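These figures come from a predicted structure and were not determined experimentally. Residue numbering restarts at 1 for every chain, and letters A, B, ... go by the order of the sequence lines.
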Number of protein chains: 2
Amino acid sequence: MKKQAGRATLKDVAEAAGVSISTVSRAFSSPERLSPSTVQHVKEVAARLRFSVNPVAKALITGTSMNIGLVVPDITNPYMSTLLKAAQTHSRGRSIGVFAADTDDSARIEREVCHQLAQQTRGIILCGSRMSVPHIRELSEMIPLVLVSRVVEGIPSLYTGSTPALEELVDELVDLGHRRIAYLSGPAQSWANKQRSRAVSRRVTARGAEFVKLPPTTASYGDGRAAAGNVVESGATAVMAFDDVLASGLVEGLRRLGRLVPDDVSVTGHDDVLAELVYPGITTITGQSARVGQLAVDWLLEEPAAEGDTGTTRTEAVEGRVVRRGSVAAPP
Amino acid sequence: MKKQAGRATLKDVAEAAGVSISTVSRAFSSPERLSPSTVQHVKEVAARLRFSVNPVAKALITGTSMNIGLVVPDITNPYMSTLLKAAQTHSRGRSIGVFAADTDDSARIEREVCHQLAQQTRGIILCGSRMSVPHIRELSEMIPLVLVSRVVEGIPSLYTGSTPALEELVDELVDLGHRRIAYLSGPAQSWANKQRSRAVSRRVTARGAEFVKLPPTTASYGDGRAAAGNVVESGATAVMAFDDVLASGLVEGLRRLGRLVPDDVSVTGHDDVLAELVYPGITTITGQSARVGQLAVDWLLEEPAAEGDTGTTRTEAVEGRVVRRGSVAAPP
DNA sequence: AAAGGTAGTGCAAACGTTTGATAATGTCCA
DNA sequence: TGGACATTATCAAACGTTTGCACTACCTTT
């Protein structure tokens, strides 16, 4: 916002059109209360003056802005950038602006950023939050929230449900003959990571195979590559990674150690981003980031309607499907 | 912004502290004009009431907000998401918020979005703008602008200068024996695309080799893969792609046609994103997106200082360097 | 022809700040 | 003791909207 010499205000338009300020305001906000001729006249003058209502003044008086916040641990992750794109595009259609914030995987930054956003947005979409439950609760007292990839009782939550798909994958591996299956963990504080780890662990042991949990990472390509050593050492013949970024890195890391995927070790990912780009293509689970992003926006904007606190809060899993590519085979 | 029952205002703090509204305001904005004891007292009360200044009221009165806009053609492109991350992180350090907008490669959407942002931000970083020069000029009358990956006379512009690096690459290819070199175009309206195309074309012909220009694409992975047919048909033994995303797709497309990189055809990219992730690693040019993002924020926030219109507008190229990986070899 | 509606418009307060002008305290010196 | 001068705090206007209420015409009813 420049101290712009000439940006037309309601007052300018009112004077030019020979009507009162309120009339101009109404011509835009509730034209049905004005005579059609007045509306037309005012709008013409307004167009001539290139007038458009000042969103910050409007926000101040109405107490609600046309912006939402989207906070993510790492915008560089294709899952997140796809989600952002969908959320933003969807919001634009409803003339809503999107504040994007990257927390760099830090709960502290996340908290700061959310408080800052709370004062100038109508709601926040919190993706893969690393914050403690009390902190999330506290925040939700101040501002409508929609959680993505995390579930907190009493707060609308949205995530990709992948337990069935993960089990399907485990079964496939076991059936192929794998007796020792590893899970390559993502960020330690990630709710989704815990879910996936648990789903895999259970199914693997249920099927009578051996489960190995590989230590937490930051879900970056580099960490995936670096994990190759651990994988080899673990003796696992198949590794299911937290996500595709990690899986891609792992494939490259294994290659450098002279291990080929899928001949020497099978690898699976999650989210279906990147999985197609690398070679061999990685068998993965669709993350539906675009759909999730769009849904999150809808929920956030509808939420006030559910003000009645019917006691039922929405929690929904967008189910992921297995996508088979070339990274899975029988053990050597 | 909820119609929150209790969000403390200056007035509340003033009453609780037994001072006037202005005093509370000054305790935060210009504490040196108050006695130290008053400041301390006010701040204590404010903290107790969880007060923090309402940014929208502040923006209204001061006529300048603490937010900037960042608009990009496609946030999904790793170059852009890295840039966004850097810009956002850097802004946070200066307590500035970032509006992110994805224009989906459309000049029309870009224009709409910019006008909307102009009213609630202090400036806009316009990346890879597809808008016409007059439209950009018009916009820059309304709001401070910093252009990225595009140069318009009179407006601060920032881009990765890659002509020398591209020439280096061309030389390398020619020296390896390539006699027919193709350039795989990016988006038709992209300024950067024109620059790169021209640089390559000139150098290739200057070195006595044949130049082939492959038709525009959207710089997506799919388009890169689809371009493989054209490449084979063109008879080129080396192709320099607009960016890494395109290059990665091309490598995969060629593989599907039974052509191997680099044995059958050499491929280069641009930006050094993704280039490391695929196999074989792609020889590319660093895009320095993080540095560019950070610099853009600095320029935008400093710009008012240059209000004096000294006639010199800043235009700077962050020079890209060649990064050699495995995608280049002698022709078959 | 008086009473009652209704449609169209204007007035003025309010939103939560900032900030220039102004008043209320002292303190110091003659 | 009385002024001059800092120092510190308050007043009130302003930013650009929205919106409840009041007002003016004019049109129906009876």
Below 3.5 Å is the cut-off: list the nitrogen or oxygen pairs between protein and nucleotides 7-10 of chain D, distance only.
from, atom 1, to, atom 2, distance (Å)
D/dA9, OP1, B/Thr38, OG1, 2.2
D/dA9, OP2, B/Ser35, N, 3.2
D/dA9, OP2, B/Thr38, OG1, 3.3
D/dT10, OP2, B/Ser20, N, 2.9
D/dT10, OP2, B/Ser20, OG, 3.0
D/dT10, OP2, B/Thr23, OG1, 2.5
D/dT10, O4, B/Arg26, NH2, 2.3

Quiz item: Could you state the CD1-C1' distance from B/Ile61 to D/dA14, rounded to the nearest angstrom?
Solution: 5 Å
Quiz item: Are B/Asp298 and B/Arg94 within salt-bridge range, i.e. N to O under 4.0 Å?
Solution: yes
Quiz prompt | Length of the line joining B/Lys11:NZ and D/dC11:P, which is rounded to integer Å | solution = 14 Å
Quiz item: Looking at A/Lys85 and B/Asp74, does any basic side-chain N land under 4.0 Å from a carboxylate oxygen?
Solution: yes
Practice problem: To the nearest Å, give me how far apart CZ (A/Arg7) and P (D/dC15) are. | Solution: 16 Å
Quiz item: Can we say A/Glu153 and A/Arg137 salt-bridge, meaning some charged N sits less than 4.0 Å from an Asp/Glu carboxylate O?
Solution: no
Exercise. Mind telling me whether B/Trp191 and B/Tyr159 have parallel, tilted or perpendicular rings, with 30° and 60° as the class edges?
Key: perpendicular
Quiz item: C/dT18 C1' sits how many Å from A/Leu60 CG, rounded?
Solution: 13 Å
Self-check item: Under-4.0 Å salt bridge between B/Glu32 and B/Arg26
Solution: no
Quiz item: Could you state the CG-C1' distance from B/Asp12 to C/dG16, rounded to the nearest angstrom?
Solution: 10 Å
Quiz item: Taking 4.0 angstrom as the limit, do B/Glu112 and B/Arg108 come out as a salt bridge?
Solution: yes
Quiz item: What integer distance in Å separates A/Phe51:CZ from D/dG16:P?
Solution: 11 Å
Quiz item: Starting at CG of B/Asn54 and ending at C1' of C/dG16, how long is that distance when rounded to a whole Å?
Solution: 6 Å
Quiz prompt | Spacing between B/Gln119 atom CD and D/dG16 atom P, to the nearest angstrom | solution = 12 Å
